[in-house]
Number of protein chains: 2
Amino acid sequence: MKSANDILKQLREQGSRMTKTRNFIVAVFQNNNLPLAELEIRERLAKQGIKVNKTTVYRELEHLKSKNIIKDVDFGDGKKRYELNGDDHHHHLICTNCKKVEEVHVEDDVSHIEQKINQRKNFKIINHSLEFFGLCRNCK
Amino acid sequence: MKSANDILKQLREQGSRMTKTRNFIVAVFQNNNLPLAELEIRERLAKQGIKVNKTTVYRELEHLKSKNIIKDVDFGDGKKRYELNGDDHHHHLICTNCKKVEEVHVEDDVSHIEQKINQRKNFKIINHSLEFFGLCRNCK
DNA sequence: TTAACTGCAAAGATTTTGCACACTC
DNA sequence: GAGTGTGCAAAATCTTTGCAGTTAA
């Protein structure tokens with residue numbers, strides 16, 4: 001995983017300014033390696049005594065996404081979530097009972113599916129969403 | 001695919017009443033074999049001169065879902081979508097340019113992935129979401 | 001200095017709730 | 001008649017926009 005410093009350096013090189021809010025939000029993603037929604041980010045900041053306006057968080061998320069620092073992850077619950085856009089592509093196991101999120105690596109199999117689709121359909125796949133819902137070891 | 005009559009019969013047997021609105025909404029799903037959001041349903045009804053309140057549509061969607069007539073499909077755009085819950089499991093190719101939706105059948109490969117996960121993780125998968133985004137033959 | 005960033009209030013979009021009335025069975 | 005279904009208004013959530021003021025470089 002990229003260090004927070006690497007990320008901030010990358011942002012600086014792309015013309016972003018170093019602000020307190022930006023630093024803290026990047027740190028939140030570093031310290032919580034799972035998809036986060038706006039309110040969850042603000043709550044984590046609040047625990048550290050940092051008060052940020054929700055508009056600012058939404059705008060910072062758009063900004064980090066446009067710089068490819070973070071990417072969308074959708075749990076289908078109507079909230080926008082994002083996580084660090086690292087090298088390791090992974091998907092999620094989401095416990096519908098306790099809401100815990102685990103990572104799972106099945107990217108090779110998904111690429112295989114995409115190749116099959118490319119062969120059979122005249123469709124250029126750019127992206128996919130794949131999340132698994134069920135019960136974790138504690139809840140099942 | 002089940003006929004509209006089969007569906008209405010099934011609903012009747014499960015205690016649902018036959019109302020004008022329910023009949024029309026089931027027909028919309030029959031005639032549009034792709035995931036639909038609340039407003040899209042109401043627009044299709046409006047074209048037939050049928051005016052239904054949005055609250056009623058939301059409630060009917062919940063009702064049909066609880067009876068397993070329809071199921072959730074999430075395109076990650078913040079809208080709740082549903083489609084008929086037929087025998088053929090399929091996924092979708094969504095053109096990010098023209099918004100066209102195609103079906104694609106890769107359920108066998110997905111089952112294979114789920115089996116792998118069951119072996120490796122102590123997690124009981126109940127459901128998954130899998131959609132592909134990209135450019136269709138016309139837009140690429 | 002100046003372009004990027006921030007906060008606040010207000011507006012938008014989607015979905016849900018409460019309540020009175022209507023209709024199916 | 002009883003209980004399900006419907007419409008309307010209002011509220012609840014989540015997200016975006018406009019604008020004025022602040023800050024990093």
Side-chain angles (χ1 to χ4, degrees), chain A residues 5 7-28 35-46 48-67 69-82 99, chain B residues 5 7-28 35-46 48-67 69-82 99:
Chain A
N5 277 342
I7 292 175
L8 295 175
K9 188 180 162 206
Q10 180 186 334
L11 281 169
R12 217 178 290 118
E13 284 166 356
Q14 291 181 82
S16 300
R17 290 185 180 171
M18 285 304 97
T19 67
K20 208 179 58 172
T21 302
R22 178 157 296 148
N23 272 269
F24 282 128
I25 291 180
V26 167
V28 166
L36 295 172
E38 174 270 330
L39 184 56
E40 295 166 335
I41 292 169
R42 225 139 42 81
E43 284 170 351
R44 279 161 175 76
L45 292 176
Q48 306 171 52
I50 300 154
K51 196 162 154 272
V52 184
N53 188 276
K54 66 183 167 189
T55 302
T56 303
V57 175
Y58 277 114
R59 282 197 279 233
E60 187 57 26
L61 291 171
E62 266 309 301
H63 182 82
L64 294 176
K65 185 180 153 189
S66 76
K67 302 297 188 190
I69 307 295
I70 58 175
K71 65 182 173 191
D72 291 309
V73 180
D74 200 283
F75 287 180
D77 62 352
K79 291 181 194 157
K80 294 193 168 186
R81 292 172 194 280
Y82 303 86
K99 313 300 177 197
Chain B
N5 277 341
I7 292 175
L8 295 175
K9 189 180 160 206
Q10 180 186 334
L11 281 169
R12 217 177 291 119
E13 284 165 355
Q14 290 182 83
S16 300
R17 292 184 178 171
M18 284 303 99
T19 68
K20 209 179 56 172
T21 301
R22 179 158 294 150
N23 272 269
F24 282 128
I25 290 180
V26 167
V28 166
L36 295 172
E38 174 271 330
L39 184 56
E40 295 166 334
I41 291 169
R42 223 139 43 82
E43 284 170 351
R44 279 162 174 75
L45 292 175
Q48 306 171 51
I50 299 154
K51 196 163 154 273
V52 184
N53 189 276
K54 65 182 167 190
T55 301
T56 304
V57 175
Y58 278 113
R59 282 197 278 232
E60 187 57 26
L61 290 171
E62 267 307 302
H63 182 82
L64 294 175
K65 186 179 153 190
S66 76
K67 302 298 186 188
I69 307 296
I70 58 176
K71 65 182 173 190
D72 292 308
V73 181
D74 200 282
F75 286 180
D77 62 351
K79 292 181 194 158
K80 294 193 168 185
R81 292 172 195 279
Y82 304 86
K99 313 300 176 196

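Chain naming here is simple, since letters A, B, ... match the order of the sequence lines and numbering starts at 1 in each.
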Novice: Measuring from atom NZ of B:Lys9 to atom CD of B:Gln14, what distance do you get when rounded to the nearest 0.5 angstrom?
Specialist: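 B:Lys9 NZ to B:Gln14 CD: 12.5 Å, rounded to 0.5 Å.
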Novice: Quick check on the helix from C:dT1-D:dA25 to C:dC25-D:dG1: what's the angle between its two end axes, five base pairs per end, to the nearest 10°?
Specialist: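 That helix gives 30° between its end axes.
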Novice: When A:Asp72 is tested against each of A:Arg81, A:Lys65, A:Lys79 for salt bridge (Lys or Arg N to Asp or Glu O under 4.0 Å), which residue passes?
Specialist: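 Between A:Asp72 and the candidates, salt bridge (Lys or Arg N to Asp or Glu O under 4.0 Å) is satisfied uniquely by A:Lys65.
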Novice: Using heavy atoms and a sub-4.0 Å distance, could you list which residues of residues 38-46 of chain B are near DNA chain C? By number, please.
Specialist: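 Per residue number, the list is empty: none.
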Novice: Would you mind classifying the nucleic acid contact of A:Lys54 as base, sugar-phosphate or nothing, using non-hydrogen atoms under 4.0 angstrom?
Specialist: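 Touches a base.
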Novice: How many angstroms lie between atom CG of A:Leu45 and atom NZ of A:Lys20, to the nearest 0.5 angstrom?
Specialist: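 So the CG of A:Leu45 and the NZ of A:Lys20 are separated by 10.5 Å.
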Novice: Please list, in 5' to 3' order, the outermost nucleotides of DNA chain C lying under 4.0 Å from any heavy atom of chain B.
Specialist: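 For DNA chain C, the relevant span reads C:dT14 to C:dC25.
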Novice: Output the distance between atom NE2 (A:His63) and atom CD1 (A:Ile25), rounded to the nearest 0.5 Å.
Specialist: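 Interatomic distance, A:His63 NE2 to A:Ile25 CD1, rounded to 0.5 Å: 10.5 Å.
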Novice: Rounded to the Å, how far apart are A:Arg59 CZ and D:dT17 P?
Specialist: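 Taking CZ of A:Arg59 and P of D:dT17, I get 10 Å after rounding.
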Novice: Where do B:Gly76 and A:Asp74 come nearest, in terms of heavy atoms and distance?
Specialist: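 Residues B:Gly76 and A:Asp74, closest heavy atoms: CA-OD2, 3.3 Å.
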Novice: Under the rule for side chain to side chain contact (heavy atoms under 4.5 Å, CB included), what residues qualify as partners of B:Ser66, not counting sequence neighbours?
Specialist: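 Counting only residues at least two positions away or on another chain, B:Ser66 forms no side chain to side chain contact (heavy atoms under 4.5 Å, CB included).
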Novice: Using a cut-off of strictly less than 4.0 Å between a heavy atom of the residue and any atom of DNA chain D, enumerate the qualifying residues of residues 19-27 of chain B by number.
Specialist: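 Residues of residues 19-27 of chain B under 4.0 Å from DNA chain D: B:Thr19, B:Thr21, B:Arg22.
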Novice: By nearest nucleotide on DNA chain C, pick out whichever of B:Lys80 and B:Ser16 is the more 5' one.
Specialist: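 Nearest-nucleotide comparison on DNA chain C picks B:Lys80.
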Novice: Decide yes or no for B:Leu11 and B:Met18: does some side-chain heavy atom of the first lie under 4.5 Å from some side-chain heavy atom of the second?
Specialist: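 Sidechains of B:Met18 and B:Leu11: in contact.
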Novice: Roughly, in whole Å, what's the span from CZ in A:Arg12 to P in D:dA24?
Specialist: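 Distance, rounded to whole Å: 14 Å.
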Novice: Between CZ of A:Arg59 and CG of A:Leu61, what distance do you get to the nearest 0.5 Å?
Specialist: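 So the CZ of A:Arg59 and the CG of A:Leu61 are separated by 12.0 Å.
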Novice: 5'-most contact on DNA chain D: B:Asn53 or B:Gly15, nearest heavy atom basis?
Specialist: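 It is B:Gly15 whose nearest nucleotide is closer to the 5' end.
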Novice: Round to a whole Å and report the spacing from CZ of A:Arg81 to C1' of D:dC14.
Specialist: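 Roughly 12 Å, once rounded to whole Å.
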Novice: Is any side-chain heavy atom of B:Arg44 closer than 4.5 Å to one of B:Phe24?
Specialist: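 No. Closest side-chain heavy atoms not under 4.5 Å.
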Novice: Rounded to the nearest Å, what distance is computed from the CD atom of residue B:Glu62 to the P atom of nucleotide D:dG5?
Specialist: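 Checked: the CD to P distance equals 13 Å.
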Novice: Just verifying a value: how many Å separate A:Lys99 NZ and A:Phe75 CZ, rounded to the nearest 0.5 Å?
Specialist: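 Separation between the atoms: 11.0 Å.
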Novice: Check whether any side-chain nitrogen or oxygen of B:Thr55 sits under 4.0 Å from OP1 or OP2 of D:dG7, and answer yes or no.
Specialist: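 For D:dG7, OP1/OP2 do not have a side-chain N/O of B:Thr55 under 4.0 Å.
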Novice: Starting at OH of B:Tyr58 and ending at C1' of D:dG5, how long is that distance when rounded to a whole Å?
Specialist: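 Distance, rounded to whole Å: 18 Å.
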Novice: Given 3.5 Å as the limit, does a donor-acceptor pair link the side chain of A:Arg22 with the main chain of A:Arg17, or not?
Specialist: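 Judged by distance alone, yes, a pair lies under 3.5 Å.
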Novice: Indicate the atoms forming the closest heavy-atom contact of B:Asn53 with B:Thr55, along with that distance.
Specialist: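 For B:Asn53 versus B:Thr55, the nearest heavy atoms are OD1-N, 2.8 Å.
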Novice: D:dG7 P sits how many Å from B:Ile50 CD1, rounded?
Specialist: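 Distance check: B:Ile50 CD1 to D:dG7 P gives 12 Å.
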Novice: What I'd like to find out is whether the side chain of A:Glu60 reaches to under 4.5 Å of the side chain of A:Thr19, using heavy atoms alone.
Specialist: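 A:Glu60 does not reach A:Thr19 side chain to side chain.
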Novice: How long is the straight-line distance from CD1 of A:Ile41 back to OG1 of A:Thr21, given to the nearest 0.5 Å?
Specialist: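 One gets 12.0 Å once the value is rounded to the nearest 0.5 Å.
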Novice: Taking the side chain as everything from C-beta on, heavy atoms only, tell me whether B:Leu39 gets closer than 4.5 Å to B:Arg42.
Specialist: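 Side chain of B:Leu39 against side chain of B:Arg42, heavy atoms only: contact under 4.5 Å found.
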Novice: What are the residues of residues 72-79 of chain B, sorted by number, that bring a heavy atom to within less than 4.0 Å of DNA chain C?
Specialist: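 Heavy-atom cutoff 4.0 Å gives B:Gly78, B:Lys79.
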Novice: Considering only heavy atoms from C-beta outward, does the side chain of B:Gln10 approach that of B:Lys67 to under 4.5 Å?
Specialist: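 They are not in contact (no side-chain heavy atoms under 4.5 Å apart), so the answer is no.
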Novice: Kindly indicate whether the side chain of B:Arg17 and the base of D:dG3 share any N or O donor-acceptor pair separated by less than 3.5 Å?
Specialist: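 Donor-acceptor pair under 3.5 Å: yes.
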